[in-house]
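This report refers to the structure that appears directly beneath it.
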Amino acid sequence: MTSADEHQPAGDRPEPPAPAEGRRTQETAGSSPVRAGSRVVIIGGGPGGYEAALVAAQLGARVSVVERQGMGGAAVLTDVVPSKTLIATAEWMTATDQSAELGIRGGAEGASVDMAAVNRRVLTLAARQSQDIRARLEREGVRVVDGVGRLVGDLRADGTRIVRARTEDGEEDLVAEIVLVATGAHPRVLPDALPDGERILTWAQMYNLTELPEHLVVVGSGVTGAEFAGAYNGLGVPVTLVSSRDRVLPGEDEDAAELIETVFRRRGMNVLSRSRAAAVRRVGDGVEVELTDGRVIAASHCLLAVGGVPNTEGLGLEDVGVALTEQGHVRVDRVSRTTAVRVYAAGDCTGVLPLASVAAMQGRIAMWHALGDAVAPLDLDAVTANIFTAPEIATIGVTERDVQEGKVDAVVTQLPLARNPRAKMLGIREGFVKVMADRHSGAVIGGVVVAPRASELIFPLAIAVTQRITVDQLANVFTIYPSLTGSIAEAARTLHQTGN
Ligand SMILES: Cc1cc2nc3c(=O)[nH]c(=O)nc-3n(C[C@H](O)[C@H](O)[C@H](O)COP(=O)(O)OP(=O)(O)OC[C@H]3O[C@@H](n4cnc5c(N)ncnc54)[C@H](O)[C@@H]3O)c2cc1C
């Protein structure tokens, strides 16, 4: 997951094999067919692992999940759930910015943040979510093994493999017809910026803070960096964002990224573009962040958000014939097969697209395929993604850059939310809806929404893209008046082709 921070697909994905579609029992060369009743062992209990476990149990397999940290994995314990819970508090604080305009006295000035209470809530919520997932799995008959798993030995004559789990009670060998590796990734650190867990922090360590930082430097302006920088800025913390690129959120829709950078700067964030951190040092009760051009920024805390490293070491993968990429990701095809018979892999350890939703889908696909259910190969064009800044950025399908580079023949329209009546009532001035449609058929093939709760508003566009709905069909759907979704229908209407 070297590119986790950018939420970008890894460029070195192996070519997909012939799609395996339709309901059938999967047979792999040199082994007997696998069916319901098979033993499935999953290493890693994040979204890739636990969603696969649910599917496998539903299909009648006997399923064990070996997890070392807690069910839900990094997604629930350190990444998605904690960060979005923190952002929920920041959103409330950001909303008070507009309270005066809406006629409320004392809003922005009256509110302050109790960081210890915020992080207590974050960690409690994450722990509960983890327990809920475990309880759900156990209700479905899945065995959860608290321990560290690894593959040992090769495929045995009877077509099974061994996953050895190291638990508090010692070692246990789990026999499996099917193995799924869903071990995720961990934060990357820089050699001259080693986290101390107090002042120099990875995102996983941010929830130990009991007081607001006096000045937070965020190194890395990909999705994780931008989300944390925006959140802490929203909580009232002075933030410096060190971005190695021309603008924040490289690789995202350019209009959206530009808008977010403008919002960041307007809210007082110090965005240092084309700047790279060379070293981060602990100095007394603070930190010094040294940039490659020699500048030094003094601050109270530094967050390193420079991507992730796949958890693929020490799993015995190469020993059993699982090929890794140069970055250490497991090579998989579009039905999650690795290069070893009956060993599948899903999620961030594959580097395909570091999103919880993609990990979950890869895990489900693996089980549908392995257990002979109907399965369609992973389709990355249909992935909706969201960046939880304020406003949020949600995307689906082709990008405007794809259109500009001639990869698709499409028409593009963009409507500012400032013209939307509901947005005016809500005091929303920033944000837009962008729709991309196939020039010939009029089918909606891509969209961007930049708005508060864009993560919810993108759904009509996601349905349109995945169901090949045309702009005319979309425009003819009744929307609520007044509503932000009215802008989506309006954008679709502007793309109506008159045939002139
Ligand atoms: C700060 C942050 C915010 C994010 N926000 C979002 C978001 O809003 N939406 C979104 O879709 N994605 C988000 N992501 C990405 C998302 O967290 C990952 O894509 C997702 O966690 C991948 O799921 P996974 O199952 O592959 O791995 P993980 O969730 O990392 O789970 C893997 C589990 O396997 C365990 N494990 C590893 N090795 C072993 C072993 N040998 N034995 C036993 N257990 C093992 C690990 O400890 C871990 O618990 C975010 C990422 C970050 C860093």
Side-chain angles (χ1 to χ4, degrees), residues 3-8 83 86-87 90-91 93-94 97-98 108 113 187-188 190 193 199-203 206 209 212-280 286-307 385-395 401 429-432 448 450-452 454:
S3 59
D5 203 34
E6 314 302 333
H7 288 192
Q8 289 292 309
S83 65
L86 173 84
I87 286 168
E91 262 179 34
M93 292 296 290
T94 313
D97 278 1
Q98 267 144 336
V113 172
R188 188 160 82 88
L190 306 172
R199 299 283 166 165
I200 306 171
L201 304 151
T202 66
W203 61 75
M206 288 298 281
L209 295 181
L212 281 174
E214 284 155 35
H215 175 189
L216 176 67
V217 177
V218 177
V219 176
S221 67
V223 176
T224 299
E227 287 187 351
F228 272 99
Y232 272 86
N233 180 247
L235 296 176
V237 172
V239 173
T240 298
L241 180 58
V242 179
S243 170
S244 59
R245 310 290 186 87
D246 286 342
R247 57 169 173 72
V248 303
L249 295 170
E252 300 298 331
D253 180 87
E254 282 178 26
D255 297 318
E258 209 175 292
L259 187 150
I260 288 299
E261 187 163 328
T262 306
V263 171
F264 279 175
R265 290 185 195 277
R266 182 170 52 69
R267 292 199 180 127
M269 193 187 296
N270 181 21
V271 182
L272 301 178
S273 309
R274 293 180 296 279
S275 301
R276 240 171 227 286
V280 185
V287 294
E288 273 182 2
V289 180
E290 186 181 328
L291 305 184
T292 46
D293 61 11
R295 278 177 294 167
V296 175
I297 309 154
S300 64
H301 295 76
C302 175
L303 165 64
L304 298 168
V306 288
N386 193 63
I387 303 169
F388 290 80
T389 41
E392 296 178 2
I393 303 172
T395 50
R401 190 175 306 151
R429 275 186 294 270
E430 279 140 343
F432 60 82
V448 182
V450 181

When rounded to the nearest 0.5 angstrom, what is the spacing between [atom1] in [X] and [atom2] in [Y]?
X	Y	atom1	atom2	result
Leu235	Thr94	CG	OG1	7.5 Å
Thr262	Arg267	OG1	CZ	11.5 Å
Leu291	Arg274	CG	CZ	13.5 Å
Asn270	Arg265	CG	CZ	8.0 Å
Ile393	Phe388	CD1	CZ	11.5 Å
Asn233	Met269	CG	CE	4.0 Å

Checklist entry - Is any side-chain N of the basic residue among Arg401 and Glu254 closer than 4.0 Å to the acidic one's carboxylate O? => result yes
Next on the checklist: Tell me whether Glu261 is salt-bridged to Arg245, with the criterion being a basic N under 4.0 Å from an acidic carboxylate O.
Outcome noted: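 Between Arg245 and Glu261 there is no salt bridge, as every charged N stays at least 4.0 Å from the carboxylate O atoms.
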Taking the side chain as C-beta and beyond, is there a heavy-atom pair between [X] and [Y] under 4.5 Å?
X	Y	result
Val223	Glu252	yes
Glu430	Val450	no
Pro391	Ile260	yes
Leu303	Tyr232	no

Item to check | side chain to side chain contact (heavy atoms under 4.5 Å, CB included) between Asp255 and Val448, intermediate numbers included | outcome: CA-CA 10 Å; Asp255 297 318; Val448 182; over 6 Å; no
Looking only at non-hydrogen atoms, find the nearest pair between [X] and [Y] and report the distance.
X	Y	value
Gly220	Leu241	O-CD1, 3.5 Å
Leu201	Met206	CD1-SD, 3.6 Å
Ala226	Leu249	CB-CD2, 3.7 Å
Ser83	Phe228	CB-CZ, 4.1 Å
Ala90	Ala231	CB-O, 3.4 Å
Val263	Ala390	CG1-O, 3.7 Å

Item to check | Qualifying residues under salt bridge (Lys or Arg N to Asp or Glu O under 4.0 Å), relative to Glu288, sequence neighbours excluded | outcome: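 Applying salt bridge (Lys or Arg N to Asp or Glu O under 4.0 Å) to Glu288 gives Arg281.
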Item to check | Candidates Thr240, Val287, Val239, Val237 - the one meeting side chain to side chain contact (heavy atoms under 4.5 Å, CB included) with His215 | outcome: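 Between His215 and the candidates, side chain to side chain contact (heavy atoms under 4.5 Å, CB included) is satisfied uniquely by Thr240.
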Is a side-chain N or O of [X] found less than 3.5 angstrom from the main chain of [Y], in a donor-acceptor match?
X	Y	result
Arg199	Cys302	no
Ser275	Ser273	yes
Arg276	Ala278	no

Next on the checklist: Listing request: all salt bridge (Lys or Arg N to Asp or Glu O under 4.0 Å) pairs with a residue in residues 291-307, at least two apart in sequence or in separate chains.
Outcome noted: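 Output for this query lists Asp293-Arg295.
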Next on the checklist: According to side-chain hydrogen bond (donor to acceptor under 3.5 Å, both in side chains), who are the partners of Thr395, at least two apart in sequence or on a separate chain?
Outcome noted: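 So Thr395 forms no side-chain hydrogen bond (donor to acceptor under 3.5 Å, both in side chains) with any residue.
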